[in-house]
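This report refers to the structure that appears directly beneath it.
Within every chain, numbering begins at 1; the chains are lettered A, B, ... in the order of the sequence lines, protein sequences first and strands thereafter. Quick caveat, the model's predicted, so the values are computed rather than measured.
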Number of protein chains: 2
Amino acid sequence: MARAALTRQRVVEAAIGLADATGAEALSMRKLGESLGVEAMSLYNHVRNKEDLLDAMVDAVYAEIPLPDPAGGWRDELRPRYLATREVLLRHRWAIPLMESRAMPGAANLAHHEALLACLRANGFSLTQAAHAYSVLDGYVYGFVLTEKALPFDGDDVAEVAQAMLAQFPVDRFPNLAAMASEHVMQPGYDYGDEFGWGLDLILDGLERARRDAG
Amino acid sequence: MARAALTRQRVVEAAIGLADATGAEALSMRKLGESLGVEAMSLYNHVRNKEDLLDAMVDAVYAEIPLPDPAGGWRDELRPRYLATREVLLRHRWAIPLMESRAMPGAANLAHHEALLACLRANGFSLTQAAHAYSVLDGYVYGFVLTEKALPFDGDDVAEVAQAMLAQFPVDRFPNLAAMASEHVMQPGYDYGDEFGWGLDLILDGLERARRDAG
DNA sequence: ACCTGAACACCGTTCAAGT
DNA sequence: ACCTGAACACCGTTCAAGT
């Protein structure tokens, strides 16, 4: 019994699995072929080249984010959608740096922005206001997850990393960073991810205010 | 006359110039050596490896961003600083995707966050409020520039790209995107970069409100 | 129509050898 | 102390050859 026939979808799914497990740097056509039980060159029957594969991977990530319902209230629709966006992006940590290099948006990306705009406009946002809203919300979620990934606040090794940093950079040169680390970040129960909801609500409040003032 | 002696700083500067000109993907140790009139292997006398070089490049970008003055008003200090951050990141478009993979922050990065926290705390922000402010502002600026780079709204070819997109994805399936393109984005004088200031002011307004309500 | 082996033009990095 | 040439283990991608 041979393995199931290769399809574009199977190739893309395997690539996402490999990137999730080992990071985007470790994703090579040769290793991807191996994980599918096939020579690397066979993949070229299903994707044009590696760029085409990366495009498809990014669009598959967009497809995981639930669409807002234009018939719902804009804030009730958008808030959970952006919380979900953060979770999806954390699940596929390789995706954000890839997004900047994709020239042409994929189908799932377009479907998302269409639904987002439809929801805003159905709730009284003008085109100008909708452009503002889209721009600040999308910017925030991508940047937050990027920052979140880069910060050493992740997981249980906060204390060790903080210690290493403080050892390298003396406390007296960075008193505010030291205070932030010891008196805030390292306090029990602190989770940097909680900052996401705080900033999201700040932005949604601002958008609500702008919508009211103009409408 | 031989070329000036190689130093770590010269290597990092040449690498930044090469990345600015040709993108991060095109930056290889071999090409970097060539641009310095030296074999690739010589570079290893000045940087530990390519990761070390990328760390130094990212920190050099941070060093280009002006520091806020803790003695100034927080909003007067932070607003121009974040406008400048956007400009620096646009000048070095390869930097943002690199930031997520840097585990250990460099000296310029630490100096920035120290000055930022000092300015906020000198202006009455608690540690908790300062963490909120840092998180939402940094997330926003990195994400905005990432989005800005990915969007095809850049330069003079807006019309062509929009046309190509509409050709590929029929207007009747994406009526709101089509309206946004033709009635807003493609209007004379529209500049997506202007959205940055709008969102920045929205966030600063929200932070001011949070500071007042708590203080 | 799909898969493969060999080949090409690249990578980052090591190491012993030069000066 | 710094630079180099050869070498190693990788890349993405092509192309003619197989089935």
- Item | Given B/Arg102, B/Lys50, B/Arg48, the one that forms salt bridge (charged side-chain N to carboxylate O under 4.0 Å, His left out) with B/Asp55 |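 Of the listed residues B/Arg102, B/Lys50, B/Arg48, the salt bridge (charged side-chain N to carboxylate O under 4.0 Å, His left out) partner of B/Asp55 is B/Arg102.
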
- Neighbour count above 12 (heavy atom, 6.0 Å) for A/Arg173 CZ: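 Atom CZ in A/Arg173 is not crowded, with 12 or fewer foreign heavy atoms closer than 6.0 Å.
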
Please round to the nearest 0.5 Å and tell me the distance separating atom [atom1] of [X] and atom [atom2] of [Y].
X        : Y       : atom1 : atom2 : result
B/Leu137 : B/Arg81 : CG    : CZ    : 9.0 Å
B/Leu90  : B/Thr85 : CG    : OG1   : 11.0 Å
B/Met57  : B/Leu54 : CE    : CG    : 6.0 Å

Could you pull out every donor-acceptor pair under 3.5 Å between side chains of residues 174-186 of chain B and any protein atom, sequence neighbours left out?
from, atom 1, to, atom 2, distance (Å)
B/Asn176, ND2, A/Glu114, OE2, 2.9
B/Ser182, OG, B/Ala178, O, 3.0

- Query: What parts of residues 17-30 of chain B reach DNA chain C, counting only heavy atoms under 4.0 Å away?
  - Reply: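 Heavy-atom contacts with DNA chain C come from B/Leu27, B/Ser28, B/Met29, B/Arg30.
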
- Query: For residues 47-56 of chain B, which residues have at least one heavy atom under 4.0 Å from DNA chain C?
  - Reply: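 Result for residues 47-56 of chain B: B/Asn49, B/Lys50, sorted by number.
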
- Task: Only counting residues at least two apart or in another chain, list the ones meeting side chain to side chain donor-acceptor pair (under 3.5 Å) with B/His46.
- Result: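 Counting only residues at least two positions away or on another chain, B/His46 forms no side chain to side chain donor-acceptor pair (under 3.5 Å).
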
- Query: Would B/Cys119 and B/Leu78 satisfy side-chain contact (heavy atoms from CB on, under 4.5 Å), going step by step from the backbone distance to the final call?
  - Reply: CA-CA 9 Å; B/Cys119 183; B/Leu78 263 53; 4.0 Å; yes

- Run the side-chain contact (heavy atoms from CB on, under 4.5 Å) check on B/Leu32 and B/Ser35 step by step: do they pass? CA-CA 5 Å; B/Leu32 177 56; B/Ser35 86; 4.0 Å; yes

- B/Leu89 to B/Tyr142 - nearest heavy-atom pair and separation: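 Closest approach of B/Leu89 to B/Tyr142, heavy atoms only: CD1-CD2, 3.5 Å.
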
I'd like a list of close polar pairs between nucleotides 1-4 of chain D and the protein, N/O only, cut-off under 3.5 Å.
from, atom 1, to, atom 2, distance (Å)
D/dT4, OP2, B/Glu39, N, 2.9
D/dT4, OP2, B/Ser42, OG, 2.8

- Run through B/Trp198, B/Phe196, B/Tyr134, B/Tyr82 and flag the one making a ring pair (Phe, Tyr, Trp, His ring centres under 6.0 Å) with B/Tyr140.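 Option passing the ring pair (Phe, Tyr, Trp, His ring centres under 6.0 Å) with B/Tyr140: B/Phe196.
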
- Task: Go through B/Leu110 and B/Tyr62 one step at a time and tell me if the side-chain contact (heavy atoms from CB on, under 4.5 Å) criterion holds.
- Result: CA-CA 9 Å; B/Leu110 288 176; B/Tyr62 276 112; over 6 Å; no

- For DNA chain D, stems built from three or more consecutive Watson-Crick or G-U wobble pairs below 3.5 Å: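 In DNA chain D, stems of three or more pairs: C:4-8 with D:12-16, C:12-16 with D:4-8.
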
